[in-house]
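The figures here come from the full heavy-atom set of this structure, side chains too, leaving out hydrogens, waters and symmetry mates. Just so it is clear, the model here is predicted, and its values are computed rather than measured. The chains referred to below are lettered A, B, ... by the order of the sequence lines, with proteins before strands, and numbering in each begins at 1.
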Number of protein chains: 2
Amino acid sequence: MEKLSTRDRIIEAAYTLFSEKGYHGTSTREIARAASVSEVTLFRIFGTKESLFEEVLKTKSIIPDLVAMIRDVENHSLEDLLFSLAKKFYYTLVSKKKFIMITFSEVNQYSEKIIDIYQKLIDQIDELLVKIFSKYKSTNKDFNLKIIAMAFRGMIFNLFLTNEILLRKNITKSEITHILSSYVKIILNSINR
Amino acid sequence: MEKLSTRDRIIEAAYTLFSEKGYHGTSTREIARAASVSEVTLFRIFGTKESLFEEVLKTKSIIPDLVAMIRDVENHSLEDLLFSLAKKFYYTLVSKKKFIMITFSEVNQYSEKIIDIYQKLIDQIDELLVKIFSKYKSTNKDFNLKIIAMAFRGMIFNLFLTNEILLRKNITKSEITHILSSYVKIILNSINR
DNA sequence: AACTTAAGTAAGTGATTACTTACTTACATG
DNA sequence: CATGTAAGTAAGTAATCACTTACTTAAGTT
């Protein structure tokens with residue numbers, strides 16, 4: 001158990017509360033109490049509630065994790081590679097669940113700039129998948145690999161969304177593994193046939 | 001252009017504002033102004049902000065639409081059937097975009113009862129798909145039809161989420177058609193092989 | 001003409017919000 | 001020992017919030 005700095009304790013408390021009750025649903029007094037600091041300290045460090053919010057988003061963003069995931073792809077058979085990617089993607093989402101909840105509840109207020117960042121990240125994931133697919137595919141003509149990539153990404157993200165966020169199901173790790181490996185097989189069937 | 005009742009005008013205004021700025025981010029004064037009524041009228045009709053919110057959810061819920069979608073399935077070839085289901089699902093989501101945005105921004109505060117309603121709806125969709133699949137499938141052993149149903153539902157929902165909510169892309173109807181028909185082919189490949 | 005209904009206006013309630021000011025305490029470092 | 005730093009306390013600001021009261025207006029309906 002590390003001792004967190006005052007600043008970090010406030011960020012952690014704000015992160016959790018914003019993800020649970022949204023930006024407008026959380027008061028600064030509440031954040032301060034959850035962090036065991038006085039509200040004055042919160043304002044001394046962050047100035048305004050909004051800049052605290054920005055610091056939370058900056059500190060807790062999922063984007064570096066996903067960029068790392070793309071970078072760290074290993075060289076296996078196609079099936080192993082897709083399966084390990086699927087797991088990494090799923091568990092990255094799980095570990096960043098609170099961030100994703102904040103993203104969803106604040107999604108309408110995002111600027112062009114933030115939307116563009118997400119756009120590029122999604123494009124990168126799809127491009128990586130297409131690159132992997134095209135290295136291994138047998139003869140296929142009538143299938144657009146980019147659409148298969150979108151489908152793969154979509155299945156996994158939606159599995160996360162349904163189980164972890166909407167229904168809050170306690171699904172076992174082996175069930176997840178089974179579903180993800182089935183998803184990989186669905187994709188493989190579409191690439192090689 | 002229909003003339004809406006005062007009550008309906010308030011519900012429409014609240015629906016839009018809640019979907020754009022969330023429950024806590026929207027004030028009753030704002031709703032009244034958007035509906036061109038006095039705030040007093042709003043409270044006379046709905047009593048509290050929360051019961052107005054409940055009326056909005058009741059009136060605008062996506063659930064009856066999805067139940068109708070399940071009921072109205074037609075008898076075509078497997079490919080046609082899945083394709084028309086995919087389109088109906090996608091465009092139902094699009095027409096209920098605001099409702100889905102409210103759902104997402106308020107998802108943490110849902111009760112067991114509401115979660116159960118969604119759980120049952122999702123189960124019904126998957127069961128319908130499994131029933132359709134199993135009527136048409138050729139010999140297959142190593143594939144769990146329920147997982148294929150989840151995959152299909154996930155691809156389509158995620159397409160909607162990415163294009164319509166996260167990135168707000170203006171994607172053409174023919175592009176959607178193309179992607180959805182590709183998704184159907186991915187699924188068909190997994191059922192018959 | 002009398003009455004009902006659906007709306008409005010004006011004013012104000014107490015609670016809560018983000019944020020500030022002024023002063024204090026405790027501790028670590030030179 | 002003196003000083004700087006990071007925190008706290010107490011009190012209060014102006015604005016906004018959901019919601020209320022009291023009274024009025026306009027348009028049917030009986």
Side-chain angles (χ1 to χ4, degrees), chain A residues 1-60 98 101-103 105-106 108-111, chain B residues 1-60 98 101-103 105-106 108-111:
Chain A
M1 235 13 133
E2 309 239 340
K3 253 190 253 174
L4 293 179
S5 68
T6 304
R7 186 195 156 86
D8 286 347
R9 267 182 13 248
I10 296 169
I11 287 193
E12 288 301 321
Y15 182 44
T16 299
L17 286 167
F18 284 148
S19 85
E20 285 170 1
K21 334 201 342 177
Y23 178 78
H24 293 288
T26 306
S27 69
T28 50
R29 184 193 299 175
E30 226 176 336
I31 295 168
R33 230 191 43 216
S36 301
V37 299
S38 81
E39 213 180 339
V40 178
T41 301
L42 185 157
F43 280 103
R44 258 197 290 250
I45 295 176
F46 296 99
T48 64
K49 185 188 179 185
E50 208 172 313
S51 83
L52 165 60
F53 184 63
E54 278 164 28
E55 283 304 304
V56 169
L57 291 188
K58 215 182 287 172
T59 309
K60 299 293 187 176
K98 287 180 189 174
M101 298 194 105
I102 296 175
T103 299
S105 65
E106 239 61 35
N108 305 60
Q109 282 147 83
Y110 282 166
S111 65
Chain B
M1 217 59 101
E2 308 240 341
K3 252 188 257 175
L4 293 178
S5 68
T6 304
R7 186 195 156 87
D8 286 347
R9 267 182 12 248
I10 296 170
I11 287 192
E12 288 300 322
Y15 182 44
T16 299
L17 286 167
F18 285 148
S19 85
E20 286 169 2
K21 334 202 339 180
Y23 178 77
H24 293 288
T26 306
S27 69
T28 50
R29 185 193 300 178
E30 224 177 335
I31 295 168
R33 231 191 44 215
S36 302
V37 300
S38 81
E39 213 180 338
V40 178
T41 301
L42 185 156
F43 280 103
R44 257 198 291 251
I45 296 177
F46 296 99
T48 64
K49 185 188 181 187
E50 210 173 313
S51 83
L52 165 60
F53 184 63
E54 279 165 28
E55 283 303 305
V56 169
L57 291 188
K58 216 182 286 171
T59 309
K60 299 294 186 175
K98 288 178 188 174
M101 298 193 106
I102 295 175
T103 300
S105 65
E106 239 62 37
N108 305 60
Q109 282 146 84
Y110 282 165
S111 65

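- Every side-chain contact (heavy atoms from CB on, under 4.5 Å) that B:S5 has, sequence neighbours left out, goes to B:R7, B:D8.
- Residues passing the side-chain contact (heavy atoms from CB on, under 4.5 Å) test with A:S111, sequence neighbours excluded: A:K113, A:I114.
- In terms of heavy atoms, B:T26 sits closest to B:L17 at OG1-O, 3.2 Å.
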Would you give me the side-chain donor-acceptor pairs under 3.5 Å for residues 18-25 of chain A, sequence neighbours excluded?
| residue | atom | partner | partner atom | Å |
| --- | --- | --- | --- | --- |
| A:S19 | OG | A:T16 | O | 2.9 |
| A:K21 | NZ | A:E30 | OE2 | 2.6 |
| A:Y23 | OH | A:E50 | N | 3.4 |

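- Non-hydrogen atoms lying under 4.0 Å from DNA chain C are contributed by A:V40, A:F43, A:T48, A:K49, all within residues 40-54 of chain A.
- Proximity of residues 6-32 of chain A to DNA chain D (heavy atom under 4.0 angstrom from any strand atom) is restricted to A:T6.
- Partners of A:K60 under the salt bridge (charged side-chain N to carboxylate O under 4.0 Å, His left out) rule, at least two apart in sequence or in another chain, are A:E12.
- Among the atoms of the strands shown, only primed sugar atoms or phosphate atoms (P, OP1, OP2) are found under 4.0 Å from some heavy atom of B:S36.
- Running 5' to 3' along DNA chain D, contacts with non-hydrogen atoms of chain A at under 4.0 Å begin and end at D:dA7 to D:dA10.
- For A:S38, the side-chain contact (heavy atoms from CB on, under 4.5 Å) partners are A:V40, A:T41, not counting sequence neighbours.
- Listed by chain and residue number, A:S27, A:E39 satisfy the side-chain contact (heavy atoms from CB on, under 4.5 Å) test with A:R29 (two or more places apart in sequence, or in another chain).
- Defining each end axis of the helix from C:dA1-D:dT30 to C:dG30-D:dC1 as the rotation carrying four pairs' C1' atoms onto the next four, with five pairs an end, the two axes are found to diverge by 0° to 10 degrees.
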